[in-house]
4 protein chains.
Amino acid sequence: MALSDSQVQKMKQKRETILEQATLMFAEHGYNDTTIAKVAKASGVSFGSVFTYFENKDQLFFAAVVEPLQVYAPKLLDFDPNARQPTQELWNMVAKHIKIFSSFGPYLRLVVQVIGYHNRFAEAFAELDAFHNTFRAKIGELVKNGQERGELQIQDAKYAATAYTSFLIGLRVNLIDSPDSQMWEQFVPFAMQLFGAKTD
Amino acid sequence: MALSDSQVQKMKQKRETILEQATLMFAEHGYNDTTIAKVAKASGVSFGSVFTYFENKDQLFFAAVVEPLQVYAPKLLDFDPNARQPTQELWNMVAKHIKIFSSFGPYLRLVVQVIGYHNRFAEAFAELDAFHNTFRAKIGELVKNGQERGELQIQDAKYAATAYTSFLIGLRVNLIDSPDSQMWEQFVPFAMQLFGAKTD
Amino acid sequence: MALSDSQVQKMKQKRETILEQATLMFAEHGYNDTTIAKVAKASGVSFGSVFTYFENKDQLFFAAVVEPLQVYAPKLLDFDPNARQPTQELWNMVAKHIKIFSSFGPYLRLVVQVIGYHNRFAEAFAELDAFHNTFRAKIGELVKNGQERGELQIQDAKYAATAYTSFLIGLRVNLIDSPDSQMWEQFVPFAMQLFGAKTD
Amino acid sequence: MALSDSQVQKMKQKRETILEQATLMFAEHGYNDTTIAKVAKASGVSFGSVFTYFENKDQLFFAAVVEPLQVYAPKLLDFDPNARQPTQELWNMVAKHIKIFSSFGPYLRLVVQVIGYHNRFAEAFAELDAFHNTFRAKIGELVKNGQERGELQIQDAKYAATAYTSFLIGLRVNLIDSPDSQMWEQFVPFAMQLFGAKTD
DNA sequence: GATGAATGAGAGTTCATTCAT
DNA sequence: TATGAATGAACTCTCATTCAT
């Protein structure tokens, strides 16, 4: 018997709730200290139900890492590498990135874990790594564009991109308990310097 | 009857071995996936012996995090904030830091974990945080010195220091599997830019 | 979906079985030499199931000590302190007590342990002590009644009650391996003497 | 090389100290919760030394139970079953017993344990049981003597003796935390009633 | 004789996962 | 689909005992 629309809807909602709670808990307490029972409780379902929506704990973790990527990736990639005014574009991009990074703390802690234990979480890491490469490549393009237009110092664009993503992730690690966006904003100019923006 | 010197020596050695193995495993597999039994095996002792040298697993972890700090801290702080040629001093400092960060990968992964779960590892985090503050403060001094001598752009020295340590830790996270020091060296100029070093 | 009635019934039964086996083993071998694994085996369940019914070993022990009290207490208190014929009532009471004490050997050994280590088993002891006080008080009333009616020697009723419960528990300790009720019956007259029953 | 007298003396002393501490701890915390390490610490010796004086933990426990018996037994048996004035003798005996029982609380808790787990502590129990039989027999003789002289009610002397020792041990269990000898003294008359002493 | 490092059997407990209801 | 009882692998930690010094 096919499920009614409202049923399907309800199930989607439930899955979503579980995933959200799982993300928060995985991020806060790590993989091992997050138990299925706790996630279930926080989600208002029986722990048996978690297995209805996710094959096992590993899959739940994988989903918690990879699915938000679908949401964040487009936002992070939302800039134009061929912009006419690359410095301006860069500034806007950095401001946006910083805003995003300052706000999705929990998820990024998850990301840091996956990177830290990339052997343990090989599949999830592969996804993140793939995005990271795409991300860096696109940033690199914009940097190159900026250099070609004489707005940025000449330096290896790929390294600059890596330096930049490192800076972002490092900020997230260091400012672990500071969701205060105003403080985060202070770091935009530093990112610009990293890119070799000419200081007039 | 007191223990003989050689006895004491042997014990020190054994403790050291256990701690080293523990550090490696904690860094590689995290706190939970590192079992006392595995550490013992890797160290060539019975698991009971681990408890001879460390009260419990938590203490072992704490020691693995805090003791190396005694070794690394002086090296990281080995620069002169009042140097006559601040830019030169800064460059040397960065080069040294990058070299150190590129080489003690395992330990830094441990550090990232502690920061990531600072609630879980509160005591260890407190130690790291204290060092981080000292570290940033001293870097900030050198930056200020550089600004006063007109060698660096004027910007908030504290933020610059934070940006720098974030950059370092972010590099360590991103370049998780690259001990290749030559690649790391490429990032020295970027750090200099972060500090607002004037590009002639 | 709630559990079916038969399910609930089965669980109650299982809990009961575990508790019974635990009581027997705690009584026979003491707290430490009674392992969860042994209790589980004796109860025909996996050791994990013991934790489904009891939070931990301490709780299991507590339940083994306290729950039977609900059963035995009413039986031990089943006499009338204001009886018209106090000596007769006393005799019946003693006979009943002796019968009960002779039969629930295992449980009483548990009780003796709790008293012996009342620091270790503080909560369980508190429960037993509370009952003991109630028990002695009610016996004291009957004794007083008997004295007032001139059937018993005048003596401190509270001490008499304590002497009596001591006698009972002492018999249980001494006759550790004698469930033989006939032998136990022999002690009824001694208890009566303790109460100062006048020997005509 | 033979040991000097003073050395022998010192060792005897050390053994004594260990045994005393062991008795106290076994009595207070039971066999399992009393560790060799704790006993050693309380005795001011290394735990290795405990094994110099006692083969193993079981032997230590055995010694703690049996050796004091050599001290207490003569005191408990110090009465004349053929006394000319049996009631008087009985009174004196009871008074002495009560005094002794009120004072050596820790040791008696040990005794209760051994009786409670006589399977576990079979050898120690055998010693205690043997003494108990001797003890009861001698008391029985005095009771019989009293009956023959018409001072005591006629009743089975052996049961009377058992009732009496039960009463004593029961008091010890019930008054676990009352070393207050004055309260203990109150129970002498009750013991006399147990023996069927004629109340004038 | 005295010491305490080394060992490992064995205990309690957690928790992912299965599966009957 | 939802539930939670049942299971047992795996982990940390304790402690009696051995034995080299």
Side-chain angles (χ1 to χ4, degrees), chain A residues 1 3 7-8 10-11 14 31-40 45-60, chain B residues 1-8 10-11 14-15 32-40 44-58 60, chain C residues 1-8 10-11 14-15 31-40 44-58 60, chain D residues 1 3 7-8 10-11 14 31-40 45-58 60:
Chain A
M1 183 174 53
L3 294 154
Q7 266 176 315
V8 169
K10 212 182 273 182
M11 287 181 67
K14 211 176 254 189
Y31 182 85
N32 279 286
D33 288 347
T34 298
T35 68
I36 297 283
K38 284 185 202 159
V39 171
V45 301
S46 77
F47 74 83
S49 288
V50 175
F51 289 95
T52 302
Y53 296 94
F54 302 92
E55 202 181 340
N56 54 33
K57 194 180 174 182
D58 258 44
Q59 284 303 311
L60 175 60
Chain B
M1 186 171 33
L3 288 92
S4 68
D5 273 8
S6 77
Q7 198 76 333
V8 169
K10 215 181 274 180
M11 286 182 67
K14 204 172 266 189
R15 187 180 184 283
N32 280 287
D33 288 346
T34 298
T35 70
I36 298 280
K38 284 184 201 161
V39 172
V45 301
S46 76
F47 77 84
S49 287
V50 175
F51 291 97
T52 301
Y53 294 93
F54 301 91
E55 206 179 336
N56 53 37
K57 194 181 174 181
D58 258 44
L60 176 58
Chain C
M1 186 171 30
L3 286 94
S4 69
D5 273 9
S6 77
Q7 198 74 334
V8 169
K10 214 181 272 180
M11 285 182 68
K14 205 173 264 190
R15 188 181 184 283
Y31 182 86
N32 281 288
D33 288 346
T34 298
T35 69
I36 298 280
K38 284 185 201 161
V39 171
V45 300
S46 78
F47 75 83
S49 287
V50 175
F51 291 97
T52 300
Y53 294 94
F54 301 92
E55 204 179 338
N56 53 35
K57 194 180 174 182
D58 257 45
L60 175 58
Chain D
M1 182 174 53
L3 295 153
Q7 267 177 314
V8 169
K10 212 181 274 180
M11 286 181 66
K14 210 176 257 190
Y31 182 86
N32 279 287
D33 289 346
T34 298
T35 68
I36 298 282
K38 284 185 202 159
V39 171
V45 300
S46 76
F47 76 83
S49 288
V50 175
F51 290 94
T52 302
Y53 297 95
F54 302 90
E55 203 180 339
N56 54 35
K57 195 180 174 182
D58 258 44
L60 176 59

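Neither side chain, C:Y31 nor D:N32, offers a donor N or O lying under 3.5 Å from an acceptor on the other.
To the nearest angstrom, C1' of F:dT12 lies 15 Å from CG of B:D33. Distance C:K57 NZ to E:dA11 P: 9 Å, rounded to the nearest Å. B:I36 has its CD1 atom 19 Å from the P atom of E:dT13, to the nearest Å. Going from atom CZ of A:F51 over to atom P of E:dA20 covers 16 Å, rounded to whole Å. A:N32 has its CG atom 9 Å from the P atom of E:dA16, to the nearest Å. To the nearest angstrom, C1' of E:dA2 lies 12 Å from NZ of D:K10. Put simply, NZ on A:K38 is 10 Å from C1' on E:dC15, counting in whole angstrom units. A straight line from CZ of C:F47 to C1' of E:dG12 spans 9 Å, rounded to a whole angstrom.
Among the protein residues, A:N56 comes within range of the sugar-phosphate backbone only, with heavy atoms under 4.0 Å from sugar or phosphate atoms but none that close to a base. Within the nucleic acid shown, B:S6 has no heavy atom closer than 4.0 Å to any nucleic acid atom.
Contact between the side-chain N/O atoms of A:Y53 and the OP1/OP2 oxygens of F:dT1 is not found at any separation under 4.0 Å. Dashed line: the shortest gap from a side-chain N or O of D:T52 to OP1 or OP2 of E:dG1 is not under 4.0 Å.
Taking every side-chain heavy atom of A:T35 into account, E:dA16 is the closest of E:dA16, F:dA6, E:dA2. For D:S46, the listed nucleotide lying nearest its side chain is E:dT3; candidates were E:dT7, F:dA16, E:dT3. With distances taken from any side-chain atom of C:M11 to the nucleotides F:dG4, E:dT3, F:dA5, the minimum falls on F:dA5.
Heavy-atom nearest nucleotides on DNA chain F were determined for D:Y31 and for A:V45, and the one closer to the 5' end corresponds to A:V45. The nearest heavy atom of DNA chain E to C:G48 and to D:K14 marks one nucleotide each, and the one closer to the 5' end goes with D:K14.
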Next on the checklist: Please evaluate residues D:N56 and D:I36 with respect to the criterion side-chain contact (heavy atoms from CB on, under 4.5 Å), reporting the C-alpha separation (whole Å), side-chain torsions for both, the decisive distance (0.1 Å), and the verdict.
Outcome noted: CA-CA 9 Å; D:N56 54 35; D:I36 298 282; over 6 Å; no
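Expressed to the nearest 0.5 Å, how far CZ of B:F51 lies from OG of B:S46 amounts to 10.0 Å. Rounding to the nearest 0.5 angstrom, the gap separating the CE atom in D:M11 from the OG1 atom in D:T52 is 7.5 Å.
C:F47 is not listed as a side-chain neighbour of C:V39, based on a closest heavy-atom distance of 4.5 Å or more.
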Checklist entry - Given Watson-Crick or G-U pairs with both distances under 3.5 Å, what dot-bracket string fits DNA chain E, with | for other-strand pairs and [ ] for crossing? => result .||||||||||||||||||||
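The heavy-atom pair separating D:K38 from D:D33 by the smallest distance is NZ-O, 3.2 Å. When all heavy atoms of B:K57 and B:T34 are compared, the pair lying nearest together is NZ-O, 2.8 Å.
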